[in-house]
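Along the sequence shown, the residues carry numbers beginning at 1. Every heavy atom of this structure was used, including side-chain atoms; hydrogens, water molecules and symmetry mates were not.
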Amino acid sequence: MSDKLRARYGVAQDTAAHKYVTLVGTVLAQASSRPALPWKFIILDTDGVNAYAAPGGFILITRGALALMENESELAGVLGHEISHVTEKHTITSIKKNNGEKLATELGGAATRSQILGAFVDSAYDNLFQGAYDRGDELDADEKGVALTN
């Protein structure tokens with residue numbers, strides 16, 4: 001999923017900004033319920049305002065979102081929210097809920113492990129752009145994200 005987002009938008013070429021986002025994100029991730037994940041913080045090269053959480057500890061934020069932030073607390077709030085989506089496995093739950101059965105039916109028993117994984121990645125990527133987290137997941141990520149920043 002992270003690869004697809006990076007291919008779509010590119011990665012911002014601002015070393016100082018990457019170091020800063022990684023520093024703030026790493027401090028929060030180490031205080032999370034899953035500090036051992038290999039967390040990766042990436043700035044997408046787009047003026048769009050958004051942030052994404054991909055399974056496995058990938059947190060992506062747009063250059064446009066960073067430009068609107070007035071202080072470190074705002075950055076921490078966004079990163080904490082996205083980190084919480086990962087720690088609580090909201091993306092995985094969303095995929096299972098929205099497309100798991102559909103994918104299993106479409107691929108059938110003859111699909112290879114690689115085909116199944118590719119289909120799930122495509123499904124997860126589509127979910128990111130459709131706002132597939134339900135309101136409960138968003139509230140959970142808000143609550144846990146705020147707790148991380150304290």
Review point. Residues in side chain to side chain donor-acceptor pair (under 3.5 Å) with Glu72, at least two apart?
Key: Tyr20

Locate the shortest heavy-atom distance separating [X] from [Y]; write the atom from each residue and the value.
X	Y	result
Asp142	Arg135	OD2-NH2, 4.5 Å
Asp3	Arg6	OD1-NH2, 2.5 Å
Arg34	Lys89	NH1-CE, 3.6 Å

State, with a plain yes or no, whether a side-chain heavy atom of [X] is found less than 4.5 Å away from one of [Y].
X	Y	value
Leu148	Lys144	no
Leu66	Leu75	yes
Val11	Asp45	no
Val21	Leu79	yes
Phe41	Val24	no
Ile42	Ser2	yes

Establish whether [X] and [Y] are linked, either directly or via other cluster members, by ILVMFWY side-chain heavy-atom contacts under 4.5 Å.
X	Y	answer
Leu28	Val86	yes
Val27	Ile83	no
Tyr52	Leu37	no

**Study point:** Residue pairs, two or more places apart or on separate chains, that pass ring pair (Phe, Tyr, Trp, His ring centres under 6.0 Å) and touch residues 57-82
**Key:** His81-His85

Review point. Does Lys40 NZ have over 12 foreign heavy atoms under 6.0 Å away?
Key: no

Revision key, fill the gap. Separation between OG (Ser32) and CH2 (Trp39), nearest 0.5 Å, reads 5.0 Å

Practice item. With rounding to the nearest 0.5 Å, note down the distance linking NE2 in His18 to OG1 in Thr15. Key: 7.0 Å

Exercise for review: Mark yes or no for whether Glu82, through its side chain, and Ile59, through its backbone, hold a donor-acceptor pair below 3.5 Å.
Suggested key: no

Review point. Is the side chain of Thr26 donor-acceptor paired with the backbone N or O of Leu23 at a distance under 3.5 Å, no angle test?
Key: no

Exercise for review: Using the side-chain contact (heavy atoms from CB on, under 4.5 Å) rule, take Ser84 and His90 through it: C-alpha gap first, then chi angles, then the decisive distance, then the call.
Suggested key: CA-CA 8 Å; Ser84 295; His90 292 154; 5.7 Å; no

Point to revise | From Asn50, Asp47, Leu68, residue fulfilling side-chain contact (heavy atoms from CB on, under 4.5 Å) relative to Thr62 | key: Asn50

**Study point:** Derivation of the side-chain contact (heavy atoms from CB on, under 4.5 Å) call for Leu139 and Glu143
**Key:** CA-CA 6 Å; Leu139 291 172; Glu143 182 181 301; over 6 Å; no

